[in-house]
K.L.:
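A single structure is presented below for examination.
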Amino acid sequence: MNIKELLSAKTQAAMVALGLPADTNTAVTISTKVEFGDYQINGAMAAAKLLKTNPRALAEQLVQQLDLADMAEKVEIAGPGFINVTLRKDWLAAQLVGASQNPRLTLSANPAPQTVVVDYSAPNLAKEMHVGHLRSTIIGDAVVRCLEFWGDKVIRQNHMGDWGTQFGMLIAHLEDKLAAGIDLEQVALADLEDFYREAKKRFDDEAGFADKSRDYVVKLQSGDAHCQKLWQLFIDTSIKHSDEVYKTLKVTLGHEHIKPESAYNAMLQPIVDGLKQQGLAVESEGALVVFLQELADKEGNPSPFIVQKTGGGFLYATTDLAACQYRSFDLAADRIVIFTDARQALHFKQVELVARKAGLLKDHVAYDHCPFGTMMGEDGKPFKTRTGGTVKLAELLEEAVVRAKAVVEQKSTDLSAEEMAEVARKVGIGAVKFADLSKNRTSDYVFSWDAMLSFEGATAPYLQYAYTRVSGILRRAGINESFVAPLQLVEEQEKQLAVKLLRLEETLQAVMKDAVPNLLCNYLYELSSQFMSFYEACPILKEGIEPDLKNSRLMLSILVASTLKQGLDLLGIEVMERM
RNA sequence: GCGCCCGUAGCUCAGCUGGAUAGAGCAACGGCCUUCUAAGCCGUGGGUCAUAGGUUCGAGUCCUAUCGGGCGCGCCA
């Protein structure tokens, strides 16, 4: 059910009947104020300009053409030509029938399922995951869950960084550690950051180490068995680290989704050869470069895109072209969605241009690079800890659970110790995820321990608390999701809840189109907030409530519970019956 | 130098294809627990939407310039 689409379709038909072109913008939106009804149609004003008529008169003609009697109790023209639609309560109630018994809730069927490749998380295996990796990982995962819930075929791709030049240095260092008889997991790679720092220090200071490192990169990439073995050892251990973080975050990435940079190695030379043959790549200053006139500066100097280094080495540009080919042809993607930080925006623009020219992307395939802003410190400068390092993701998550536990112990005194630990985990992790997911993807954002670990206001615990309140009612009433009763929307709070419940599809569509889960966060917060108001204003299990009204309110509560639970699940946030 | 992103309340942020009197949360202040979980609810105060022009019936949203911040621009990823 998508009320906005329904209204838009009806408006469009009415516009065509009045002689307007079929592509006229109907401009159906949600009303900004209760006085303006539930939805408003704003298209009459722009259309009037097209027909050179009076907008108010056109609005009146439109209203006469529109047949909304079944769904609207009031259709009013206001101001210069706004059409305000107030929906009928019985119509709203009818739209919700059966939703609680349907795993898709109020969603309609997906008319054209797509194959969508989603590239997200992509940690650099040379280093431990830090807070900067949070965004790509959980935004990507939320979008993936939404697409799957909607009914698209999703192929997850974890484009792990396992093939860069720093791996020569890392395996050279690892070789020496192992030679010294040090246990791999317990000592050598327990802390990837320390390991990296040690290796870097030797690379900078120790005579001969840098040369050996460079030699090892070449050997590794050309298939030398000894280097491959050491590298594999390092990669396996490093993946274990990211696995733990994924598990804690409830991120749906597994080993089967790993498609690391190294996996494209064999495709690189043929791609570069192809670019040369097509005349796209030319030699320049010893390297092979594709010059892009589309991205030229004011003087007409084209933007260079290096696909092969002097000496023959390949770069991430080449790998990303290979990824285009693999996803478009082997995986048969209709759409490719990539989550990385905004600094790579130019790079991906170049990749798409070159891939399309070279035929590495089929024409119909959408290529969406979804950037997100840089993480800033509370001083507004790029984020660094006091020691100049980064905050490890694992540490942030641990701290979140510790802080949540303190709150839970203070507020949830009638839970067992095990229940408290479980609630603390869900609240702590949920808070971190919600804090990040609820922000607009594109702007830079400020990293703050306190903001990220806040449990009051528009936070995950607020939504989780709303869920426990509904659960409490259903538990006390002795019913579960299979309970069915007719809905009667009497109070304003009840009607508003119904409208909000029916807005799930609208919200999901917007989230999937632009890969912006913050809209789902807003939606769920508003749903919870409206439920809280309903909870305060509309008693359910108290004395003197008519049985029909009580059952109707229980029905509404079940719909809120399912939508909240499902919605939070789409964000990868867990709920609980009590807290 | 050129390019991309951003600038909304004291703070952190919403604001969907341009729409009516710009919304939340935090912080501040005032109410509400013998009645479905007070991690809550109800209310008050707080804004020249960076600045100046422009397009439009209508601009936080589109265009231009300026200021401020972040980032990117040939062999790292």
Side-chain angles (χ1 to χ4, degrees), chain A residues 4 25-33 35-36 40 42 45-46 48-49 55 78-82 122 124 126 161 163-166 261 284-289 295 297-299 301 303-311 313 315-317 319 340-347 349 371 373-374 376 378 380-382 407-408 410-412 414 427 435 438-440 442-446 448 450-451 454-459 461-462 464-466 468-473 475-477 506-507 510 513-514 516 518-519 521-522 525-526 529 532-533 535-537 539-543 557 578-579:
Chain A
K4 197 196 254 186
N25 188 358
T26 57
V28 174
T29 64
I30 293 131
S31 297
T32 47
K33 290 190 184 310
E35 310 93 90
F36 303 153
Q40 55 188 69
N42 299 334
M45 290 171 286
K49 193 186 290 179
F82 298 102
N124 182 346
W163 210 233
T165 39
Q166 71 268 54
E261 291 177 327
S284 165
E285 296 172 35
L288 265 181
V289 184
L295 299 172
D297 64 18
K298 271 185 181 167
E299 270 104 57
N301 302 312
S303 170
F305 184 69
I306 300 179
V307 293
Q308 189 168 22
K309 296 193 273 192
T310 303
L315 319 86
Y316 79 134
T319 306
T340 75
D341 80 85
R343 284 176 292 199
Q344 299 183 44
L346 175 62
H347 166 72
K349 214 177 275 180
T374 313
M376 311 296 251
E378 293 188 65
K381 301 274 185 230
V407 178
V408 172
Q410 189 194 336
K411 304 209 177 200
S412 314
D414 52 350
V427 165
S438 59
K439 289 191 171 79
N440 179 310
T442 52
S443 40
D444 290 347
Y445 72 111
V446 175
S448 144
D450 289 337
S454 163
F455 305 129
E456 277 179 9
T459 63
Y462 179 92
Q464 290 166 325
Y465 182 61
T468 64
R469 280 184 141 185
V470 205
S471 300
I473 289 170
R475 189 167 54 241
R476 284 173 59 101
E506 266 172 46
T507 307
K513 179 171 166 284
D514 295 322
V516 282
N518 67 305
L519 297 184
C521 293
N522 291 350
Y525 176 70
E526 284 165 12
S529 172
M532 295 284 199
S533 299
Y535 182 92
E536 304 278 342
I540 301 172
L541 303 177
K542 294 184 182 175
E543 290 295 309
S557 299
R578 301 167 199 267
M579 65 189 277

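Each chain gets a letter, A, B and so on, in the order its sequence line appears, and its residues count up from 1.
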K.L.:
What distance, rounded to whole Å, do you find between the two C1' atoms, one in B:rU21 and one in B:rA59?
P.N.:
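Those two atoms are separated by 16 Å.
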K.L.:
In whole Å, I'd like the distance from the CD atom of A:Glu456 to the C1' atom of B:rG40.
P.N.:
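Roughly 10 Å, once rounded to whole Å.
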K.L.:
Please give, in whole Å, the distance from B:rA39 P to A:Tyr525 OH?
P.N.:
15 Å
K.L.:
Where the side chain of A:Ser31 meets the backbone of A:Phe36, is there a donor-acceptor pair that is under 3.5 Å apart?
P.N.:
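A pair under 3.5 Å: yes.
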K.L.:
Taking atom P in both B:rG47 and B:rG10, compute the distance separating them and give it to the nearest angstrom.
P.N.:
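Going atom to atom, P in each nucleotide, I get 7 Å.
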K.L.:
Going by purine N1 to pyrimidine N3 plus the second Watson-Crick contact, or the G-U wobble pair, all under 3.5 Å, which nucleotide sits opposite B:rC76?
P.N.:
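WC or wobble partner does not exist here.
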K.L.:
May I have the distance from A:Asp297 (atom CG) to B:rG3 (atom C1'), rounded to whole angstrom?
P.N.:
9 Å
K.L.:
State, to 0.1 Å, how close A:Pro371 and A:Ala342 come at their nearest heavy-atom pair, and which atoms those are.
P.N.:
CB-CA, 3.6 Å
K.L.:
For A:Glu536 and B:rG43, what is the distance between atoms CD and C1' respectively, to the nearest whole Å?
P.N.:
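It is 14 Å, rounded to the nearest whole Å.
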K.L.:
Let's test this: given Watson-Crick or G-U wobble pairing with both distances under 3.5 Å, identify the partner of B:rU17.
P.N.:
none
K.L.:
Taking all heavy atoms of A:Asp444 and all of A:Gly373, pick out the closest pair and write down the distance.
P.N.:
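Where A:Asp444 meets A:Gly373 most closely, the heavy atoms are OD1-CA, 3.4 Å.
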K.L.:
Does A:Thr340 form a side chain to side chain contact (heavy atoms under 4.5 Å, CB included) with A:His347? I'd like the steps, not just the answer.
P.N.:
CA-CA 11 Å; A:Thr340 75; A:His347 166 72; over 6 Å; no
K.L.:
Looking at NZ of A:Lys4 and OG1 of A:Thr507, how far apart are the two atoms once the value is rounded to the nearest 0.5 Å?
P.N.:
8.5 Å
K.L.:
Reading nucleotides 71-77 of chain B 5' to 3', which nucleotides get B (base under 4.0 Å from a protein heavy atom), which S (sugar-phosphate only), which -?
P.N.:
SS-BBSB
K.L.:
Considering every strand shown, what is the Watson-Crick or G-U wobble mate of B:rG46 when both distances are under 3.5 Å?
P.N.:
none
K.L.:
At 4.0 Å (heavy atoms only), tell me whether A:Thr442 reaches a base, stays on the sugar-phosphate, or touches nothing.
P.N.:
sugar-phosphate
K.L.:
Whole Å only: how far is the NZ atom of A:Lys411 from the P atom of B:rA38?
P.N.:
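The answer, rounded to whole Å, is 11 Å.
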K.L.:
B:rG19 and B:rC71: how far apart are their P atoms, nearest whole angstrom?
P.N.:
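Each nucleotide's P atom is 32 Å from the other's.
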K.L.:
If you count the non-hydrogen atoms of other residues, nucleotides and ligands that lie under 6.0 Å from CZ in A:Arg578, is the total more than 12?
P.N.:
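Incorrect, the count does not exceed 12.
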K.L.:
Between A:Tyr462 and A:Ala458, just flag the one whose closest nucleotide in RNA chain B comes earlier from the 5' side.
P.N.:
A:Ala458
K.L.:
Looking only at non-hydrogen atoms, find the nearest pair between A:Tyr462 and A:Met532 and report the distance.
P.N.:
OH-CG, 3.4 Å
K.L.:
Does B:rC67 pair with anything, Watson-Crick or G-U wobble, both distances under 3.5 Å, and if so, with which nucleotide?
P.N.:
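Check on B:rC67: paired to B:rG7, both distances under 3.5 Å.
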K.L.:
Can you measure A:Tyr465 atom OH to B:rA39 atom C1' for me and round it to whole angstrom units?
P.N.:
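After rounding, the gap between these two atoms is 6 Å.
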K.L.:
Looking at A:Arg469, I'd like to know whether one of its side-chain N or O atoms comes within less than 4.0 Å of OP1 or OP2 on B:rA38.
P.N.:
yes
K.L.:
Quick check on side-chain contact (heavy atoms from CB on, under 4.5 Å): which of A:Leu288, A:Leu315, A:Val289 does A:Val307 satisfy it with?
P.N.:
A:Leu288
K.L.:
Which whole-number value in Å describes the distance from A:Arg578 CZ to B:rA39 C1'?
P.N.:
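Rounding to the nearest Å, CZ of A:Arg578 and C1' of B:rA39 are 17 Å apart.
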K.L.:
Any base atoms under 4.0 Å from A:Ser533, or only sugar-phosphate, or nothing? Heavy atoms, all strands.
P.N.:
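The answer is sugar-phosphate, as A:Ser533 gets under 4.0 Å only of primed atoms, P, OP1 or OP2.
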K.L.:
Using whole Å, what does the distance between atom C1' of nucleotide B:rG40 and atom CZ of A:Phe455 come to?
P.N.:
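Roughly 17 Å, once rounded to whole Å.
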K.L.:
Syn or anti: how is B:rC32 classified when any glycosidic angle within 90° of 0 counts as syn?
P.N.:
anti
K.L.:
If the P atom of B:rC49 is compared with that of B:rC11, how far apart are they to the nearest Å?
P.N.:
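The answer is 16 Å between these two P atoms.
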K.L.:
Measure the spacing between OG of A:Ser557 and OH of A:Tyr535 and express it to the nearest 0.5 Å.
P.N.:
10.0 Å
K.L.:
Applying the Watson-Crick and G-U wobble criteria at under 3.5 Å, what pairs with B:rU12? Answer none if nothing qualifies.
P.N.:
B:rA24
K.L.:
Distance check, P atoms only: B:rA50 and B:rU12, in whole angstrom units.
P.N.:
15 Å
K.L.:
Answer yes or no: is there a donor N or O on one side and an acceptor on the other, between the side chain of A:Thr468 and the main chain of A:Tyr465, under 3.5 Å?
P.N.:
yes
K.L.:
Can you give one letter per nucleotide of nucleotides 11-20 of chain B, going 5' to 3': B for a protein heavy atom under 4.0 Å from the base, S for sugar-phosphate only, - for none?
P.N.:
-SSSSBB-BB
K.L.:
Grab the two heavy atoms, one from A:Thr32 and one from A:Gln40, that are nearest each other, plus how far apart they are.
P.N.:
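Answer, listing the atom of A:Thr32 first, then A:Gln40: N-OE1, 3.8 Å.
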